[in-house]
Amino acid sequence: MQSLDLLVFVLIAVCGVTDIHAGKIYNKATYPAIVLGFAWNAWIAGAPGFKSSLLGFTVAAILMGTLTLLGGMGGGDTKLLAAIGALKGYPFILAVLFYSFLVGGALALTVAIWQKRLLGTLGRVWRMLFAAVMYRLNPAAEPEERMSYKIPFGVAICVGTLWAQLVEILRN
């Protein structure tokens with residue numbers, strides 16, 4: 001295991017715990033990780049490492065930033081994924097995003113079934129997708145249509161990161 005991988009594990013452990021206990025992912029954890037990711041990758045791999053770090057950061061920040069602006073994610077989730085992108089670079093962040101959304105979807109489905117809200121949730125998702133296709137998406141327009149429960153997506157990001165790391169280890 002490389003030092004960078006250890007830093008990623010510490011980051012996701014801290015952020016996973018704070019997301020569960022406080023419902024937040026703190027800037028005190030994500031901002032230093034972003035700076036360390038850029039510096040580490042530039043120092044170890046030079047310009048290609050910095051480019052990979054910058055691309056990983058940018059992909060995560062743009063995708064998750066968009067979801068945050070639409071009201072679907074929290075800012076801490078965006079910063080956590082951006083930090084992982086800065087640390088592990090591109091294309092690793094694509095695997096993290098893929099696995100995180102799989103885990104987040106499974107978590108949301110489990111909560112919806114547990115709370116007996118599956119049909120209502122599926123109806124809201126369908127209406128949201130239909131509105132997005134019709135270019136009329138305005139998540140703040142109908143607050144009663146939004147979910148009344150929150151999924152700790154930071155936890156899904158942490159599990160998705162571990163999953164992506166495991167796949168990377170098994171491939172090598």
Side-chain angles (χ1 to χ4, degrees), residues 1-44 52-115 117 121 124-125 128 139-140 143 146-169:
M1 179 184 307
Q2 297 178 359
S3 299
L4 189 59
D5 293 335
L6 183 58
L7 180 60
V8 170
F9 287 131
V10 169
L11 175 68
I12 63 174
V14 167
C15 292
V17 168
T18 61
D19 195 30
I20 289 170
H21 289 292
K24 295 181 181 200
I25 296 171
Y26 293 100
N27 295 341
K28 289 185 257 188
T30 56
Y31 288 164
I34 291 168
V35 172
L36 283 170
F38 289 141
W40 180 274
N41 286 303
W43 180 52
I44 297 297
S52 174
S53 184
L54 184 61
L55 189 55
F57 169 85
T58 304
V59 165
I62 289 173
L63 175 65
M64 292 302 289
T66 302
L67 291 174
T68 299
L69 290 174
L70 292 173
M73 298 288 163
D77 300 329
T78 298
K79 290 178 267 189
L80 175 57
L81 272 165
I84 293 166
L87 288 163
K88 293 291 287 183
Y90 181 89
F92 184 81
I93 194 63
L94 296 178
V96 171
L97 287 163
F98 177 75
Y99 295 128
S100 296
F101 279 102
L102 279 179
V103 172
L107 185 57
L109 186 61
T110 302
V111 169
I113 290 169
W114 184 265
Q115 294 185 355
R117 296 181 177 190
T121 300
R124 283 189 295 279
V125 169
M128 187 176 82
R146 299 178 82 184
M147 290 193 317
S148 60
Y149 53 93
K150 292 187 177 191
I151 303 298
F153 194 70
V155 174
I157 294 168
C158 296
V159 174
T161 303
L162 289 173
W163 191 350
Q165 187 68 44
L166 179 63
V167 168
E168 183 177 75
I169 290 169

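None of these values were measured; they are calculated from a predicted model.
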* **Pairs touching residues 17-27 that satisfy salt bridge (Lys or Arg N to Asp or Glu O under 4.0 Å), sequence neighbours left out** => none

* **CD1-CG distance between Ile34 and Leu80, expressed to the nearest 0.5 angstrom** => 9.0 Å

N/O donor-acceptor pairs under 3.5 Å from side chains in residues 153-160, not counting sequence neighbours:
none

* Pairs satisfying salt bridge (Lys or Arg N to Asp or Glu O under 4.0 Å), at least one member in residues 7-18, at least two apart -> none

* Asked: If you look at every heavy atom in Leu87 and Gly37, which pair is closest and at what distance?
  -> CD2-CA, 3.6 Å

* **With sequence neighbours excluded, residues passing salt bridge (Lys or Arg N to Asp or Glu O under 4.0 Å) with Lys88** => Asp5, Glu168

* side-chain contact (heavy atoms from CB on, under 4.5 Å) with Leu36: which residues, sequence neighbours excluded? -> Leu7

* **Results of side-chain contact (heavy atoms from CB on, under 4.5 Å) for Thr58 - residues two or more places apart only** => Leu54, Ile62

* **Under the side-chain contact (heavy atoms from CB on, under 4.5 Å) test, residues paired with Ile113 that sit two or more places apart** => Leu109, Leu118

* **CG on Leu97 to CG on Leu63, rounded to 0.5 Å** => 5.5 Å

* **Beyond-backbone contact of Thr161 with Leu81, side-chain heavy atoms, under 4.5 angstrom** => no

* Distance (rounded to the nearest 0.5 Å) between Ser53 OG and Leu4 CG -> 8.5 Å

* To do: List in chain and number order the residues that pass side-chain contact (heavy atoms from CB on, under 4.5 Å) with Leu55, two or more places apart in sequence or in another chain; answer none if no residue qualifies.
  => Val59, Tyr90

* To do: Scan for salt bridge (Lys or Arg N to Asp or Glu O under 4.0 Å) pairs involving residues 67-85, sequence neighbours excluded, and state none if there are none.
  => none

* Should the heavy atoms of other residues, nucleotides or ligands under 6.0 Å from CZ of Phe98 be counted, would the total exceed 12? -> no

* To do: Check ring pair (Phe, Tyr, Trp, His ring centres under 6.0 Å) between Tyr99 and all other residues, then give those that pass, not counting sequence neighbours.
  => Trp163

* Heavy atoms only: give me the nearest Cys15-Ile25 pair and the separation to one decimal. => SG-CG2, 3.6 Å

* Asked: Considering residues at least two apart in sequence or located in another chain, which fulfil the side-chain hydrogen bond (donor to acceptor under 3.5 Å, both in side chains) criterion with Thr78?
  -> Thr68

